[in-house]
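Working notes, beginning with the structure itself.
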Amino acid sequence: MRVTGGDLRGRRVHMPRGGKVRPAGGRVREAIFNLLGHHLHGLRVLDLYAGSGILGIEALSRGAAHAVFVEKDPAVAAVLARNLAGLDLTGRTEIIRQDVNRFLKNMEPPGGKPFELVFLDPPFSLGLALEGLTLLQAGPWLAPGARVVVKHGAGDDLAAAPPGLERIRWREYGSTHVSLFLSTPPHSAG
């Protein structure tokens with residue numbers, strides 16, 4: 001698999017063996033970054049269920065400043081570390097080997113600052129996408145105006161996203177769906 005855009009365009013990213021991850025293919029990644037536009041410069045990125053790290057790596061290639069990758073599988077995290085080292089990104093990244101839900105429930109944002117861009121790419125149709133959105137919104141994870149990109153299956157109903165997250169775009173690519181959420185301030189009664 002290769003990076004599709006930015007400074008690292010065309011560079012190879014290794015995939016873990018044994019089908020442990022379902023990386024976003026080039027077409028889906030292009031669509032994700034078209035949805036995001038060119039507003040990635042200087043952003044702090046959180047890549048949840050990171051796998052090979054391809055989404056966070058694409059963001060870094062396109063101008064993001066720093067990325068934190070959360071991946072619990074030790075073998076997959078080792079491939080991710082190899083990818084980051086091979087692309088000379090270790091100084092701009094951090095890998096956290098932990099279950100995503102445990103991380104969101106029990107940790108604080110690394111560096112003490114919330115994130116402006118989050119990728120959420122859990123296994124499809126297990127309810128993990130909506131649970132992840134809920135945990136992100138309930139904790140200290142999202143900066144005002146943060147964008148959350150969720151890659152999910154048709155069986156994941158995200159229409160009932162938690163208050164404070166507004167789905168602003170949605171696309172379907174075969175069995176893969178991509179939803180873009182915006183973190184919005186709570187509405188005040190008045």
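Heads up: numbering here begins at 1 and tracks the sequence.
At a threshold of 4.5 Å between non-hydrogen side-chain atoms, the residues Ile57 and Leu89 count as touching. No side-chain heavy atom of Phe33 sits less than 4.5 Å from a side-chain heavy atom of Thr4. At least one side-chain heavy atom of Leu133 sits less than 4.5 Å from a side-chain heavy atom of Pro162. A heavy-atom distance below 4.5 Å is found between the side chains of Arg29 and Met1. By the 4.5 Å heavy-atom criterion applied to side chains, Ile32 and Phe119 are counted as neighbours. Proximity of His39 to Arg147: side-chain heavy atoms (C-beta onward) are separated by under 4.5 Å at one or more points. In this structure, the side chains of Leu128 and Glu131 come closer than 4.5 Å at one or more pairs of heavy atoms. At least one side-chain heavy atom of Ser183 sits less than 4.5 Å from a side-chain heavy atom of Leu165.
Here the options are Leu8, Val3, Asp7, Leu40, the test is side chain to side chain contact (heavy atoms under 4.5 Å, CB included), and the partner is Arg62; only Leu40 passes. When the options His14, Met15, Glu71 are evaluated for a side chain to side chain contact (heavy atoms under 4.5 Å, CB included) with Val79, the one that passes is His14.
The two atoms that bring Arg2 and Gly10 nearest to each other are NH1-O, 3.0 Å, heavy atoms only. Residues Phe103 and Pro110 come closest through the heavy atom pair CZ-CD, 4.2 Å. Across Ala77 and Ile95, no two heavy atoms sit closer than the pair O-CD1, 4.2 Å.
The closest donor-acceptor contact from the side chain of Arg12 to the backbone of Gly86 lies at 3.5 Å or more, if one exists at all. Judged purely by atom type and a 3.5 angstrom limit, His66 uses its side chain to pair as donor or acceptor with the backbone of Arg92. Between the side chain of Arg44 and the backbone N or O of Lys113 there is at least one donor-acceptor pair closer than 3.5 Å.
Taken to the nearest 0.5 Å, the NE2 atom of His152 stands 9.5 Å off from the CD atom of Glu172. If you take CG on Leu35 and CH2 on Trp170, they are separated by 12.0 Å, rounding to the nearest 0.5 Å. Atom CE of Met107 sits about 5.5 Å away from atom CD of Gln98, to the nearest 0.5 Å. Between Tyr49 atom OH and Asn101 atom CG the span is 4.5 Å, to the nearest 0.5 Å. Once rounded to the nearest 0.5 Å, the distance linking CG of Leu60 with CZ of Phe69 reads 5.5 Å. The distance from the CG atom of Leu136 to the CH2 atom of Trp141 is 8.0 Å, given to the nearest 0.5 Å.
Cluster membership check: Leu104 does not share its hydrophobic cluster with Leu117, using side-chain heavy-atom separations under 4.5 Å among Ile, Leu, Val, Met, Phe, Trp and Tyr. Note on Leu180 and Val28: same hydrophobic cluster, where clusters join Ile, Leu, Val, Met, Phe, Trp and Tyr whose side-chain heavy atoms are under 4.5 Å apart, directly or indirectly. Hydrophobic clustering keeps Leu55 apart from Val100 (ILVMFWY residues linked when any side-chain heavy atoms are closer than 4.5 Å, directly or through intermediates). Hydrophobic clustering (ILVMFWY, side-chain heavy atoms < 4.5 Å, transitive): Val70 and Val118 are in one cluster.
Within a 6.0 Å radius of CG in Asn106, other residues, nucleotides and ligands contribute more than 12 heavy atoms.
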Inset, instruction - Just do the side chain to side chain contact (heavy atoms under 4.5 Å, CB included) check on Leu130 and Asp157 with the steps written out, would you? - result: CA-CA 8 Å; Leu130 186 56; Asp157 182 12; over 6 Å; no
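Between Arg9 and Glu30, no side-chain nitrogen of the basic residue sits less than 4.0 Å from a carboxylate oxygen of the acidic one, so the salt-bridge criterion is not met.
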